[in-house]
Number of protein chains: 2
Amino acid sequence: MQRGGGRRGMLRRGWGGKFKECGYRMTVPRKAIMDVLGDSDKHLSAEDIYLTVHRSYPNVGLTTVYRTLELLTDMGMIVKFDFGDGRARYELAEGPDKKHHHHLICRRCKRIIEYTEFIDEEMDFLNRAEKGLSEKYKFDIKGHVIHFYGICDKCRYK
Amino acid sequence: MQRGGGRRGMLRRGWGGKFKECGYRMTVPRKAIMDVLGDSDKHLSAEDIYLTVHRSYPNVGLTTVYRTLELLTDMGMIVKFDFGDGRARYELAEGPDKKHHHHLICRRCKRIIEYTEFIDEEMDFLNRAEKGLSEKYKFDIKGHVIHFYGICDKCRYK
DNA sequence: TAGTTATTGAAAACGGTTTTCATTATCAAT
DNA sequence: ATTGATAATGAAAACCGTTTTCAATAACTA
Ligand SMILES: [Mn+2]
Ligand SMILES: [Mn+2]
Ligand SMILES: [Zn+2]
Ligand SMILES: [Zn+2]
């Protein structure tokens, strides 16, 4: 259990509204999938979501999970990551319920640690870099990914 | 054609030596694959390499390309990237022939631009971040990936 | 040169994701 | 509420990059 339940309710209603605005229909499978994403603070794979949804809605298929994830990603409501473990992983996009952060990835056990420290200094560097790069390469920067790879404490001491 | 041919020759001889040191045999397919990597400044996929090698050595198989790439990656001589186009891509690891750099990735055409600018300020930020993160999370940082996503100039004006 | 065994190529298997297609559910108009 | 147009769904099959299997071959050592 993470955070209060009230905020998540808001989030879901917000999502539904955005969905309708874009001309999409709000369906039971989509609601269920969005609930799983909104309730979790993990980096979920399609199968993770499928299995969780399956407990309450056994007839929702994995295909629909993939389709909904693509939709939400295209709409910018979630973010798709590749952490190098052979499957895509998803989390809420930056917003009221999710702070800007980056990841430490353990090369041995694949554990992912989120950090929000150093974000101020990072923003400083990123802003200057983005400005310089945009000018030099005429490249319209929309986002960035920073991953640190290494060995976590649990793995270091065997 | 990029850079002089002499340096690349050195590079290849160096690679061969390292190979032997690790107890691996230096074979014709491996040499061919390493030559393709050493001669290119692109971000090559396994199939890219396979097709190039195939021109000179039609009997070298794709399987061997994959096996050699894994070997070179594990030995730290090349780096494996995921740029989000569904296949792994490889390039020379940082060294005398390859400067430290990061990537701008066009979300539309998937073009990859390498940049080495702002690396000094970046190193400044990265050093502080790595120091802080290592301490706080007891995480032994070995490397990092910084990707900027956006729209390249060619795509921006349609 | 011979013998040990690492390396190889072809084919099959693998696994995450996407496509196909007939059926069902959603939603606006009645 | 009922209807009708059509967006969305689930099961199965296809897809495709990568890995595994295994008998044949080539590279090193003695
Ligand atoms: Mn995260
Ligand atoms: Mn590069
Ligand atoms: Zn670990
Ligand atoms: Zn582009």
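Reckoned from all heavy atoms, side chains included, excluding hydrogens, waters and symmetry mates. Below, chain A is the first sequence line, B the second, and so on; all start at residue 1. Here the structure is a predicted model, which is why all the values come from computation and not from measurement.
Terminal axes of the helix from dT1(C)-dA30(D) to dT30(C)-dA1(D) (five pairs each, C1' rotation axis) are separated by 40°, to the nearest 10°.
In this model, a donor atom of one side chain and an acceptor atom of the other lie less than 3.5 Å apart for Glu91(B) and His101(B).
Ring-centre distance between Tyr115(B) and His103(B): not below the 6.0 Å cut-off. With ring centers used as reference points, Phe83(A) lies under 6.0 Å from His147(A).
Atom-to-atom, CG of Asp85(B) to C1' of dG16(C) comes out at 16 Å; the value is rounded to the nearest Å. Atom OH in Tyr50(B) sits roughly 17 Å away from atom P in dT19(D) (whole-Å rounding). Between the CG atom of Asp48(B) and the P atom of dC16(D) there is a distance of 17 Å, rounded to whole Å. Summarising the geometry, the separation between CZ on Phe19(B) and C1' on dT7(C) is reported as 11 Å, rounded to the nearest angstrom. For Tyr57(B) and dG9(C), the OH to C1' distance is 17 Å, given to the nearest whole Å. Rounded to whole Å, the distance from CG on Leu51(B) to P on dG17(D) is 12 Å. Distance CG (Asn59(A)) to C1' (dA12(D)): 17 Å, rounded to an integer number of Å. Rounded to whole Å, the distance from CZ on Arg89(B) to P on dG17(D) is 10 Å.
A donor-acceptor pair under 3.5 Å is formed between the side chain of Ser134(B) and the backbone N or O of Glu130(B). In this structure a side-chain-to-backbone donor-acceptor pair under 3.5 Å is present from Thr73(B) to Leu69(B).
The pair Lys31(B)-Asp35(B) does not count as a salt bridge, with every side-chain nitrogen at least 4.0 angstrom from each carboxylate oxygen. The residues Arg89(B) and Asp48(B) are annotated as salt-bridged, a charged nitrogen and a carboxylate oxygen being separated by less than 4.0 angstrom.
Residues Phe139(B) and Cys106(A) have side chains in contact (heavy-atom distance under 4.5 Å, counting atoms from C-beta outward). The shortest distance between side-chain heavy atoms of Glu122(B) and His144(B) falls below 4.5 Å. Counting only heavy atoms from C-beta outward, the side chains of Ile113(A) and Arg111(A) approach each other to under 4.5 Å. The closest side-chain heavy-atom distance from Lys99(A) to Glu94(A) is not below 4.5 Å.
If you check residues 60-69 of chain B against DNA chain C, the residues with a heavy atom closer than 4.0 Å are Val60(B), Gly61(B), Thr63(B), Thr64(B), Arg67(B), listed by number.
As judged by a 4.0 angstrom heavy-atom cut-off over every strand, Gly86(A) is placed among residues touching the sugar-phosphate backbone only.
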(request) Using a 4.0 Å heavy-atom cut-off, write out nucleotides 25-30 of chain C from 5' to 3' as B (base contacted by protein), S (sugar-phosphate only) or - (no contact). (result) BBS---
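Within the structure, every side-chain polar atom (N or O) of Arg87(A) is placed at least 4.0 Å from both OP1 and OP2 of dG15(C).
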